[in-house]
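Keep in mind that what you see is a predicted model, and the values were worked out from it rather than measured. As a basis for the values below, the full set of heavy atoms in this structure was taken, side chains included, without hydrogen atoms, waters or symmetry mates. Convention: sequence-line order gives letters A, B, ...; per-chain numbering from 1.
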Amino acid sequence: MFDIKWIRNNAEAFDAAMLRRKGDFATAADLLNIDDRRRDIIVRLNDAQEKRNAMSKQIGQAKAQKDEAKASELMAEVARLKDIIPVAEADERLVEQELHVALSVLPNLVFDDVPQGNDESDNVEYFGRNGTEETVANVRASKPEFSFAPKEHFEIGEANDGMDFEVATKISGSRFVVLKGQIARLERALGQFMLDLHTTEHGYTEVQPPLLVRDEALFGTNQLPKFEEDLFFAGHGDGRLALIPTAEVPLTNLVRESILSEEELPLRFSALTPCFRSEAGSAGRDTRGMLRQHQFNKVEMVSITLPNASFDEHERMLGCAEAVLKKLGLHYRVMDLCTGDIGFGAKRTYDLEVWLPGQDTYREISSVSICGDFQARRMNTQYRPGGGEKLKGGLPFVHTLNGSGTAVGRCLIAVLENYQQEDGSVLIPDVLKSYMGGLTSIGGRS
RNA sequence: GGAGAGGUGGCAGAGUGGCCGAAUGCACCGCACUCGAAAUGCGGCAUGGGGGUGACUCCAUCGGGGGUUCGAAUCCCUCCCUCUCCGCCA
């Protein structure tokens, strides 16, 4: 969400930056036109209100002095303002709303060095601030070699009686799956492992948030008003609640409408939750297997930081997500999303793409974004700087970041495909064994 | 689901139609005292939006929205939220 004053003072920069985004957006001139009308109305309204207030005060004084004649005279005079004030108030509401709507559908500005591009094919592989292809190769698992043709995850899952798409369809329709037995346990183990990792080693506070949220929370994290069709809603009384598409929504909104103190920042939250997405725009894509589901589990990380700390926090958070894949021994790459692929609220996004040998391709398993003050403005989350210095222009907004660490369902796919054996069994990665009751492998011919 | 109470500044908490953007306390900031600190004293301290080069000034905001009134934190309607009791329930 933009500050119209900022746009007024940076009109050219705003237009230039918005042109980098895919899609057509209002220009600074369009927006300032609305704002000019808004200010004209405010001047008119304030003027009338000032007169009314002054006269009302005189009426009170006249009445106190029992001067009923003067009071009546003034009341007749102020009555004329009753025609103009309600009209001006209505005008102001309309134009305020118009400006709010116009601003709320604008995507965030990306950083200058985000790669320009149209779609995911223009994303650029990222090796860290000072990294190279060689430095990352040393700390990441390499692509596994197979002496046989590796299977896809659903073949492994179904062969082990651990994944049932048909019965899920009977119960809930397409894009659902039923996990069973050791596969179900492996999914649970992965989620537990990730959440434990972030809370014990990465400084995140474990949170169990609501999974049903109000429209206001969704506005705060940009799902509304533009992406309503991606959401599931549950009716509630005369209203509705949305099923969270990601725990980013409740975790980020933990600080909505509040003023934090500088000392308590950064705040770091992590949660393991189901996520619900309608996948309205993706009919026909990834229909086989459990890659793209209406419901999946995900471990989410959210950081609330001071403005000058968010840039480094982004790299730190990327490292937290990468740690999951490193500890699981999964091969992956990091992509710096181009302007055509980056999300609405992000200033920069890194995607982690894990190697899936069964599909012979990399697939997104995590997305780590820095939003600057974009969401903080939508949520109205500010902080009070320490030291108590005088503040010109109001309290500053916090910065928000979010990242998956990681999508659990997709990570299950990755473990199954990367750790599969020729006999159909799947080895359990070392870090998961304690979560699997000591099992070293599951499935296979018995 | 039924009955009741309540939502006021960073926090606590007074305020039932004009003298209230709002007492008081805490927290915070400045100054004085002190070698320094504590204690004490004095002063400052809400947010948003306009106008003005500026000193400054105006408007709005007491959970949200609407209404009554010349005038609303205060009265009315409505929505949201919180709490208490009863009922039901994982």
Side-chain angles (χ1 to χ4, degrees), chain A residues 1-9 31-32 34-100 102-103 208 210-220 224 235-242 250 253-265 267 373 376-398:
Chain A
M1 187 86 155
F2 287 96
D3 179 2
I4 187 65
K5 281 192 281 194
W6 185 88
I7 295 175
R8 201 186 300 148
N9 295 328
L31 298 162
L32 292 178
I34 301 173
D35 191 46
D36 286 343
R37 279 157 43 215
R38 172 179 148 269
R39 288 197 289 168
D40 283 347
I41 291 167
I42 286 174
V43 168
R44 213 154 28 89
L45 176 62
N46 281 8
D47 185 57
Q49 286 170 323
E50 183 182 349
K51 283 183 184 136
R52 179 200 62 194
N53 290 349
M55 279 194 260
S56 291
K57 203 159 261 177
Q58 290 177 40
I59 291 168
Q61 287 162 359
K63 291 210 167 191
Q65 293 163 11
K66 305 282 188 209
D67 188 349
E68 290 298 333
K70 186 176 181 194
S72 306
E73 188 183 318
L74 286 163
M75 281 164 73
E77 202 170 330
V78 81
R80 288 185 297 112
L81 292 172
K82 296 210 76 173
D83 297 330
I84 151 165
I85 289 178
V87 173
E89 280 176 343
D91 287 349
E92 191 205 359
R93 268 199 295 276
L94 278 175
V95 74
E96 292 272 10
Q97 181 64 15
E98 185 182 350
L99 184 62
H100 181 260
L103 291 174
Q208 289 207 33
L211 308 180
L212 294 164
V213 297
R214 312 166 62 122
D215 282 12
E216 291 90 325
L218 293 159
F219 181 85
L224 290 180
H236 180 59
D238 295 330
R240 65 177 187 181
L241 290 169
N253 278 281
L254 283 174
V255 297
R256 70 173 289 112
E257 292 168 62
S258 58
I259 299 171
L260 307 170
S261 64
E262 179 169 346
E263 306 84 68
E264 65 187 304
L265 297 172
L267 291 168
D373 65 3
R377 288 181 180 280
R378 297 171 85 96
M379 297 190 298
N380 194 19
T381 304
Q382 300 164 304
Y383 72 94
R384 194 173 295 283
E389 69 262 32
K390 265 178 272 172
L391 297 158
K392 55 224 172 290
L395 293 173
F397 291 91
V398 299

Set of residues satisfying side chain to side chain contact (heavy atoms under 4.5 Å, CB included) with respect to [X], sequence neighbours excluded:
X: A/Lys57; result: A/Gln61
X: A/Arg80; result: A/Glu77
X: A/Asp91; result: A/Ile41, A/Arg44, A/Val87
X: A/Leu31; result: A/Ile4, A/Ile7, A/Phe14, A/Ala26, A/Ala102, A/Leu103, A/Leu106

Does A/Arg256 use its side chain to pair, donor to acceptor, with the backbone of A/Glu216 at less than 3.5 Å?
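Between the backbone of A/Glu216 and the side chain of A/Arg256 there is a qualifying donor-acceptor contact (under 3.5 Å).
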
Does A/Asp373 reach the main-chain N or O of A/Ala376 with its side chain, forming a donor-acceptor pair under 3.5 Å?
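Side chain of A/Asp373 to backbone of A/Ala376: no pair is present.
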
With rounding to the closest Å, how many angstrom separate the [atom1] atoms on [N] and [M]?
N: B/G41; M: B/C19; atom1: P; answer: 31 Å
N: B/C79; M: B/U24; atom1: P; answer: 38 Å
N: B/G21; M: B/A72; atom1: C1'; answer: 13 Å
N: B/G54; M: B/G6; atom1: P; answer: 47 Å
N: B/A12; M: B/G7; atom1: C1'; answer: 14 Å
N: B/U68; M: B/G9; atom1: P; answer: 28 Å
N: B/G36; M: B/A46; atom1: P; answer: 31 Å
N: B/U69; M: B/U74; atom1: P; answer: 16 Å

Side chain to side chain donor-acceptor pair (under 3.5 Å) against A/Lys63, all qualifying residues, sequence neighbours excluded
none

Test side chain to side chain donor-acceptor pair (under 3.5 Å) applied to A/Gln208 - qualifying residues, sequence neighbours left out
none

When rounded to the nearest 0.5 angstrom, what is the spacing between CD in A/Glu50 and CG in A/Leu45?
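CG of A/Leu45 is found 11.5 Å from CD of A/Glu50.
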
Can you give me the N/O atom pairs linking the protein to nucleotides 63-66 of chain B at distances under 3.5 Å, or say none if there are none?
{"unit_1": "B/G66", "atom_1": "OP1", "unit_2": "A/Arg93", "atom_2": "NE", "d": "3.3"}
{"unit_1": "B/G66", "atom_1": "OP1", "unit_2": "A/Arg93", "atom_2": "NH1", "d": "2.8"}

Who is the Watson-Crick or G-U wobble partner of [N], with both distances under 3.5 Å?
N: B/C11; value: B/G25
N: B/A46; value: B/U61
N: B/G54; value: none
N: B/C33; value: none
N: B/U84; value: B/A3

What is the distance from [atom1] of [X] to [atom2] of [N], rounded to the nearest Å?
X: A/Gln382; N: B/U47; atom1: CD; atom2: P; answer: 9 Å
X: A/Glu89; N: B/G67; atom1: CD; atom2: C1'; answer: 12 Å
X: A/Asn380; N: B/G49; atom1: CG; atom2: P; answer: 11 Å
X: A/Leu99; N: B/G48; atom1: CG; atom2: C1'; answer: 14 Å
X: A/Asp215; N: B/C80; atom1: CG; atom2: P; answer: 13 Å
X: A/Glu264; N: B/G10; atom1: CD; atom2: P; answer: 14 Å

[X] vs [Y] side-chain heavy atoms within contact, under 4.5 Å:
X: A/Gln382; Y: A/Leu260; answer: no
X: A/Glu98; Y: A/Arg37; answer: yes
X: A/Ile42; Y: A/Glu96; answer: yes
X: A/Glu257; Y: A/Thr381; answer: no

Worked verdict on A/Ile34 versus A/Val95 for side-chain contact (heavy atoms from CB on, under 4.5 Å):
CA-CA 7 Å; A/Ile34 301 173; A/Val95 74; 4.0 Å; yes

One pair to check against side-chain contact (heavy atoms from CB on, under 4.5 Å): A/Leu94 and A/Gln97. What are the steps and the verdict?
CA-CA 5 Å; A/Leu94 278 175; A/Gln97 181 64 15; 5.8 Å; no

Partner set under ring pair (Phe, Tyr, Trp, His ring centres under 6.0 Å) for A/Phe219, not counting sequence neighbours:
A/His100

If you find the nucleotide of RNA chain B closest to A/Lys5 and the one closest to A/Arg214, which residue's nucleotide is nearer the 5' end?
A/Lys5

Select base, sugar-phosphate, or nothing to describe what A/Arg8 touches, counting heavy atoms under 4.0 Å on all strands.
sugar-phosphate

Salt-bridge present (A/Asp215, A/Arg240; N to O < 4.0 Å)
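Here A/Asp215 pairs with A/Arg240 in a salt bridge, since their nearest N and O are under 4.0 Å apart.
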
What I want to find out is whether A/Glu92 reaches A/Arg38 closely enough, with some N-O distance under 4.0 Å, to be called a salt bridge.
no

Could you write out each protein N or O paired with an N or O of nucleotides 18-20 of chain B at a distance under 3.5 Å?
{"unit_1": "B/G18", "atom_1": "N2", "unit_2": "A/Ser56", "atom_2": "O", "d": "2.7"}

Can you pull out the residues from residues 34-43 of chain A that lie within a 4.0 Å heavy-atom distance of RNA chain B?
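Contacts with RNA chain B under 4.0 Å: A/Arg38, A/Arg39, A/Ile42, A/Val43.
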
If you take any heavy atom closer than 4.0 Å to RNA chain B, which residues from residues 71-79 of chain A end up in contact?
A/Met75, A/Val78

Counting primed atoms, P, OP1 and OP2 as sugar-phosphate and everything else as base, the B/S/- map of nucleotides 57-62 of chain B against protein heavy atoms under 4.0 Å is -SSS--

